[in-house]
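These notes are about the structure you will find just below.
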Protein chains: 2
Amino acid sequence: MNLVEGKEQFIQAWGTLGSKWGINRTMAQVHALLMISPDPLSTEDIMQELNISRGNANMNVRDLIDWGLVEKVHKSGDRKEYFWAEKDIWKVTTQVAKERKKRELEPVLKVLDQLSNVKGDRNDKNVKAFVEGISGIKRMATNADKTLETMIKAEENWFFGAILKLFK
Amino acid sequence: MNLVEGKEQFIQAWGTLGSKWGINRTMAQVHALLMISPDPLSTEDIMQELNISRGNANMNVRDLIDWGLVEKVHKSGDRKEYFWAEKDIWKVTTQVAKERKKRELEPVLKVLDQLSNVKGDRNDKNVKAFVEGISGIKRMATNADKTLETMIKAEENWFFGAILKLFK
DNA sequence: CTAAACTTTCAATAATATTTGAAAGTTTAG
DNA sequence: CTAAACTTTCAAATATTATTGAAAGTTTAG
């Protein structure tokens, strides 16, 4: 397999993985492309490599920047903007975890809090099942939140080293 | 807030969370409904509570069974099938992690393995960036895999207790 | 076996999400 | 300031994914 084929396959695979996890396929592909590019790419480069429109390229790059995964780079003597992706996969992972926590977990925690004070007969098994279900989920979500927080602060090697030793 | 309102809100919230993580909104809603139902529900019950068609109810229940989150229950003297969901949120979490690992992470690991042997000039920075990018991701994915494996085997309290102590 | 009760399938339809491309907006060189 | 170079926006078009409902399939009581 040569480089061009490899790149193509990787971009495809990353896009598929992303889409299964609720991330726009194209956004994941742009990310993949930038991850394996040693130098920053322009919007034109991205459009060409992925065969997508200018608007699409622009939007997805902007989203990647919002996610903290990509940065704008300016080359001196050039008016174009170039884009560069964080390549340390550990940083990428923690950044994604952080964002998803903020965007998707925290809102649910808020709703769960409100749901804890449902009024009703404590002897009604429906009420009981509801309250117990909610509180279990809340406990879980709170722990997940704490674990994630800590992971985000931890360094890659230290974290995995410690975890793996602990769990060997 | 009374029980009916609470249920509705929870089902909505769970559906939204699911859809953001690439899980069919309705599947997540059926799951939510069953999670807070003390007794098993029939297809009819589900159709009525969620206002969905028979086919839709059937398909999503079947998917939940495939994911190992829901079981068929037979009531004696009744030909209908009833459905019951695992309510221990820890078991739910590990089961989901297990399935997603199998369905979505492992296929990517396979592709990454093949991509490691891209032919090309090692001095070409494009080749270098590609090979390094891939190997970093592979390392990460393998570690995630191992960590997940262990989590799956661990018991809820023990796991979180250990993690929290370690990371205090 | 037969018919009623129930479950599953799947082509057509509807809903949702993504993409395009041209127009509008912005920045900067001269 | 002006025009060229570049970026952003967004309504319309496309593509993807989910849902319906009726027909086909299956199971079981009698």
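This one's a predicted model, so the numbers in the text were calculated from it and none came from an experiment. First the proteins, then the strands, lettered A, B, ... as listed; each starts at 1.
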Reckon Arg54(B) touches a base, only the sugar-phosphate, or nothing at all at heavy-atom distances under 4.0 Å? base

Between Asn24(A) and Asp63(A), is the side chain to side chain contact (heavy atoms under 4.5 Å, CB included) condition met? List the steps. CA-CA 10 Å; Asn24(A) 182 319; Asp63(A) 281 352; 5.9 Å; no

Counting distance only, does the side-chain N/O of Arg100(A) pair as donor-acceptor with the main-chain N or O of Lys20(B) below 3.5 Å? yes

The salt bridge (charged side-chain N to carboxylate O under 4.0 Å, His left out) partner of Glu81(B) among Lys72(B), Lys75(B), Arg62(B) is Lys72(B)

Would the distance check show the side chain of Glu99(A) and the main-chain N or O of Val96(A) forming a donor-acceptor pair, the cut-off being under 3.5 Å? no

Ranking Met59(B) and Thr43(B) by the position along DNA chain C of their nearest nucleotide, the one closer to 5' is Thr43(B)

Atom-to-atom span, CD1 of Ile52(B) to C1' of dG21(D) - whole angstrom: 13 Å

Under 4.0 Å from any heavy atom of chain B: name the first and the last nucleotide of DNA chain C that qualifies, 5' to 3'. dA4(C) to dC10(C)

If you assign Asn56(B) and Phe83(A) each to the DNA chain D nucleotide with the nearest heavy atom, which residue ends up on the more 5' nucleotide? Phe83(A)

N or O in side chain of Asn58(B) less than 4.0 angstrom from dT19(D) OP1/OP2: no

In whole angstroms, the gap separating P of dA15(D) from CG of Asn24(A) amounts to 16 Å

Do Lys7(A)'s NZ or CZ and the ring of Phe130(B) fall within the cation-pi criteria of under 6.0 Å and 45°? no

Is there a donor-acceptor pair under 3.5 Å between the side chain of Gln48(A) and the backbone N or O of Asp45(A)? no

Hydrophobic cluster membership, with links at side-chain heavy-atom distances under 4.5 Å among I/L/V/M/F/W/Y: are Leu41(B) and Val73(B) in one? no

Closest non-hydrogen atom pair, Gly68(B) against Gln95(B): O-CG, 3.7 Å

Taking the nucleotide of DNA chain C with the closest heavy atom to each, which residue, Ser19(B) or Tyr82(B), is nearer the 5' end? Tyr82(B)

May I have the distance from Gln48(B) (atom CD) to dT20(D) (atom C1'), rounded to whole angstrom? 18 Å

With both pairing distances under 3.5 angstrom for Watson-Crick or G-U wobble, and | for a partner in another strand, the correct string for DNA chain C is ||||||||||||||||||||||||||||||

Pro40(A) backbone acceptor or donor facing Ser37(A) side chain under 3.5 Å: no

